[in-house]
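Along the sequence shown, residues carry numbers from 1. Counting starts at 1 for both ligands and their atoms, in listed order.
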Amino acid sequence: MSGLDGVVRGVHGVASDVRAGLAARAGAQGGTNPSGETQIDADVWADEQFFDALSTLDGVGQYVSEERADAVDCGEGHAVAIDPLDGSSNLASNNPVGTIVGVYDAALPATGRELVAAMMVLYGPYTTSVVAREDRGAVEEYLVEGDEVVSRGACALPDDPTVVGIAGKRGERSAACDALADELERELKLRYGGAMAADVRQVLEYGGLFGYPAVEGAPDGKLRVHFESAPLAYILESLGGGSTDGERSLLDVDPDGLHARSQTFLGNAALVERVESALA
Ligand code: P6P
């Protein structure tokens, strides 16, 4: 079994247990993560589940989590970067949450060009995962039910975009971003739900654009390069879509620390080009 097989199976092997444990852990634990955000009980618990499943695998050399300040040395092999419970504030309102994993062939911090695989697990009405790997030709989606993992086939990004979701409040984004959001929301249907994995899955299904721009008080936006922006950019670009921080592919963003953030847009390539033109 390759190192990538081990990570994919490890994430799939925990996903159903994570899903089953969410309802009882939807409250805030009182701690904050390294990004200064309030930790939900489930954030810490999910991180422990994935750490136990991944950190001892052959071929995993580093475990780096949105919930841990420092990287954990696991020996030799790939660096696994994880947002164990993406969008965890959605638990209180029973809205979808996810898990995002990036597998890097380099110690972190590193650019997304070092990614060799990325996974996006979505805990919605049912649990699915989207998996992009350098050693596979297609980006595949799986249905995860208990211990059963069944392929739902190859993903394909629709050519014609339908949805748009750009975070932030008007007046707290740049005027150029506000104008772009107004324009796109006249053209496309608004889809924004507070969990990147769920919103990006809408883009994969219907075509469109997701974004978290620079906002007042957060010049690099909110999303973390290693755990959120780069792995999902890897998936979108593997499907012929695009990504940008406003100037360049998110895979070329060079993070200056494990928890570095980046302004983030992902979706159909033509829409990403419009973002770069509008924000130039
Ligand atoms: P806001 C979740 O906390 C997250 O990191 C992403 O999953 C999501 O897209 C974003 O933050 C939501 O942020 O400011 O709209 O609550």
Side-chain angles (χ1 to χ4, degrees), residues 18 22 25-29 31-47 50 64-68 81-102 118-124 128-130 163-174 177-178 181 185 190-205 208-236 243-245 250 253 255 258-267 275:
V18 167
L22 295 177
R25 297 174 176 89
Q29 189 186 50
T32 55
N33 69 13
S35 299
E37 297 161 342
T38 301
Q39 282 180 314
I40 307 295
D41 293 357
D43 284 318
V44 176
W45 175 76
D47 177 57
F50 285 111
V64 188
S65 168
E66 185 177 290
E67 305 306 327
R68 297 172 189 240
I82 186 167
D83 181 357
L85 205 60
D86 171 63
S88 56
S89 59
N90 273 357
L91 287 179
S93 54
N94 192 25
N95 287 104
V97 294
T99 296
I100 303 171
V101 179
M119 295 180 74
M120 182 179 85
V121 181
L122 181 57
Y123 309 97
T128 54
S129 74
V130 172
V163 300
V164 62
I166 298 179
K169 300 173 189 169
R170 275 166 183 68
E172 291 184 359
R173 303 176 301 208
S174 69
C177 189
D178 277 350
E185 286 167 18
L190 180 59
R191 287 289 183 276
Y192 187 83
M196 186 181 190
D199 292 332
V200 169
R201 184 63 188 81
Q202 291 252 20
V203 169
L204 295 182
E205 188 69 25
L209 180 79
F210 167 82
Y212 206 115
V215 293
E216 209 169 283
D220 292 322
K222 175 181 180 184
L223 303 179
R224 276 65 39 150
V225 177
H226 289 117
F227 316 112
E228 295 167 304
S229 303
L232 296 192
Y234 183 84
I235 289 174
L236 260 294
S243 77
T244 187
D245 68 349
L250 288 165
V253 170
L258 294 180
H259 299 275
R261 304 172 193 262
S262 173
Q263 177 168 247
T264 295
F265 295 90
L266 310 157
V275 170

Notebook entry, point to check: Charged N to carboxylate O under 4.0 angstrom, Asp47 versus Arg68?
Noted result: yes

Notebook entry, point to check: Can we say Arg191 and Glu205 salt-bridge, meaning some charged N sits less than 4.0 Å from an Asp/Glu carboxylate O?
Noted result: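 Looking at Arg191 and Glu205, the cut-off is not met.
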
Note to self: Can you confirm whether Val164 sits close enough to Glu185 that some side-chain heavy atom of one is under 4.5 Å from a side-chain heavy atom of the other?
What the structure shows: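 In contact.
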
With a cut-off of 4.0 Å, which atoms of ligand 1 are near a heavy atom of [X]?
| X | answer |
| --- | --- |
| Gly87 | 2 (C), 7 (O) |
| Leu223 | 5 (O), 6 (C) |
| Phe210 | 9 (O) |

Notebook entry, point to check: Does at least one non-hydrogen atom of Gly194 fall below 4.0 angstrom from an atom of ligand 1?
Noted result: yes

Could you tell me the residue and atom name of the protein heavy atom closest to [atom], and the distance to it rounded to 0.1 Å?
| atom | answer |
| --- | --- |
| atom 14 (O) of ligand 1 | Tyr212 OH, 2.7 Å |
| atom 12 (C) of ligand 1 | Tyr192 OH, 3.4 Å |
| atom 7 (O) of ligand 1 | Asp86 OD1, 2.5 Å |
| atom 4 (C) of ligand 1 | Glu228 OE2, 3.8 Å |

Notebook entry, point to check: Is the backbone N or O of Pro84 less than 3.5 Å from a side-chain atom of Thr99, with the two atoms forming a donor-acceptor pair by type?
Noted result: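 At least one qualifying donor-acceptor pair exists.
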
Under 4.0 Å from ligand 1, counting heavy atoms only, is it the side chain of [X], its backbone, both or neither?
| X | answer |
| --- | --- |
| Phe227 | neither |
| Asp83 | neither |
| Ala195 | backbone |

Checklist line | Donor-acceptor side-chain pairing of Ser243 and Tyr234 below 3.5 angstrom | finding: no

Checklist line | Full working for salt bridge (Lys or Arg N to Asp or Glu O under 4.0 Å) between Asp178 and Arg170 | finding: CA-CA 6 Å; Asp178 277 350; Arg170 275 166 183 68; 5.5 Å; no

Notebook entry, point to check: Going by the angle between their ring planes, with limits at 30° and 60°, are His259 and Phe227 parallel, tilted or perpendicular?
Noted result: tilted

Checklist line | Heavy-atom proximity to atom 16 (O) of ligand 1, best of Lys222, Met196, Arg224, Arg261 | finding: Lys222

Notebook entry, point to check: What closest approach, in Å, do Leu223 and Ser229 show between heavy atoms, and which atom pair accounts for it?
Noted result: CB-OG, 3.5 Å

